[in-house]
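Some notes on the structure that comes next.
Side chains included, hydrogens not; waters and symmetry mates left out as well; all remaining heavy atoms used. Every value quoted in this text rests on a predicted model; they were computed, and no experiment measured them.
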Amino acid sequence: MKIDLNSDLGEGYGAWSMGDDAAMLGIVSSANLACGFHAGDPLTMLATVREAAARGVAIGAHVSYPDRVGFGRRPMDVTHAELVADVIYQIGALQGICAAAGTRVSYVKPHGALYNTIATDARQGAAVIEGIRAIDPALALMGLAGTPILAQAAEAGLPTVAEAFADRGYRPDGQLVSRRDPGAVLHDPDTVAARMLRLATEGEIEAADGSLLRLRADSICVHGDSPGAVAMAARIREVLVENGVTIAPFAPGAA
């Protein structure tokens, strides 16, 4: 058994830092790098990419709506042309940083509200897919496991990666519990690790109402900005490895 473990990193901005990227890069196998639209600046991007490359961690473009104040977590009704251009711009910026650090972008994972919107919104999903294909059709699109965006991307010829969230609650329909609602974010490392072991080995995860979801996931995410994120990611990795699950990047030749 093999699964990828990823985290959203490089989300500092200037004098403001967020999360412990160096520690997380010693645990995860893939890093979703902020590209400047919701967080991240050139210096933060370069430093994080260099550290990821040194540790053999795969790098993905964490593209977002242009929403620094809201940390990319506010939905936006942008035009198709705008969203295509925004996606191209952000991937291109990270590709330049990666080239300077001797590594490359392997995949794209939309962030926050954009991620949640395209999970079921075919219109905005098409714009994201078009932007990825325009710059590099070999890039994989990472999306929420069990949602229509993965089939939409596959039909357009993109490789896809089904993602599950370690530190987020699930609704019975497979969508994430809104951050505005109780139980949206999980905090206990042992509980979360047990959930992820069950997911990796049995393909099941418990929803917020106690029902069981069947879920196939290629990658598990731990949010880098969550309190205790490093301890949680370390515990997940420890429990998975102890039970025979290999942690490795999903992208061929990424590490």
Side-chain angles (χ1 to χ4, degrees), residues 1-8 28-30 32 58 60 107-122 124-125 128-129 140-223 226 229 232-233 235-252:
M1 290 177 290
K2 184 179 82 169
I3 200 162
D4 177 58
L5 184 60
N6 79 75
S7 188
D8 303 340
V28 299
S29 49
S30 296
N32 319 312
Y107 65 97
V108 177
K109 176 187 170 180
H111 164 79
L114 179 59
Y115 182 97
N116 292 330
T117 297
I118 70 166
T120 56
D121 185 329
Q124 288 204 13
V128 171
I129 290 166
L141 174 65
M142 182 183 283
L144 185 62
T147 57
I149 184 59
L150 296 176
Q152 186 180 359
E155 288 170 6
L158 288 180
T160 60
V161 181
E163 180 182 39
F165 286 84
D167 51 2
R168 293 294 306 277
Y170 276 81
R171 300 187 332 211
D173 64 358
Q175 295 286 330
L176 301 178
V177 175
S178 170
R179 285 181 178 270
R180 297 183 180 89
D181 296 335
V185 181
L186 310 179
H187 301 286
D188 182 70
D190 289 326
T191 300
V192 168
R195 280 167 61 86
M196 292 303 99
L197 177 62
R198 184 175 188 176
L199 175 70
T201 58
E202 301 177 32
E204 293 181 342
I205 192 167
E206 187 176 322
D209 67 350
S211 62
L212 284 181
L213 291 170
R214 291 292 303 172
L215 212 60
R216 185 195 66 79
D218 306 303
S219 186
I220 293 169
C221 177
V222 178
H223 286 94
S226 298
M232 184 176 292
R235 184 60 179 151
I236 292 169
R237 184 181 184 104
E238 179 182 30
V239 169
L240 290 176
V241 171
E242 283 178 351
N243 286 275
V245 180
T246 300
I247 306 296
F250 57 82

All N/O donor-acceptor pairs, side-chain side in residues 142-161, below 3.5 Å, sequence neighbours left out:
{"from": "T147", "atom 1": "OG1", "to": "L144", "atom 2": "O", "distance (Å)": "2.6"}
{"from": "Q152", "atom 1": "NE2", "to": "A122", "atom 2": "O", "distance (Å)": "2.9"}

What distance separates C221 SG from M196 CE, expressed to the nearest 0.5 Å? 10.5 Å
Roughly how far, to the nearest 0.5 Å, is the CZ atom of R214 from the CD1 atom of I205? 12.0 Å
side-chain hydrogen bond (donor to acceptor under 3.5 Å, both in side chains) involving Y170 - partner list, sequence neighbours excluded: none
Does one side chain, of S30 or N6, offer a donor that lies under 3.5 Å from an acceptor on the other? no
In terms of relative ring orientation, are F165 and Y115 parallel, tilted or perpendicular, with 30° and 60° separating the classes? perpendicular
Would you find a donor on one side and an acceptor on the other, under 3.5 Å apart, between the side chain of T201 and the backbone of L197? yes
Would you find a donor on one side and an acceptor on the other, under 3.5 Å apart, between the side chain of R171 and the backbone of A207? no
Just how far is it from atom CG of L240 to atom CD1 of I247, taken to the nearest 0.5 Å? 4.5 Å
Interatomic distance, CZ@R195 vs CG@D190, rounded to 0.5 Å, equals 13.5 Å
Is H187 close to V185 at the side-chain level, that is, under 4.5 Å between some pair of heavy atoms? yes
Applying the side-chain contact (heavy atoms from CB on, under 4.5 Å) test to P110, which of V128, N116, N32 qualifies? V128
Measure the NE2-CG distance between H223 and D8 for me, rounded to the nearest 0.5 Å. 5.0 Å
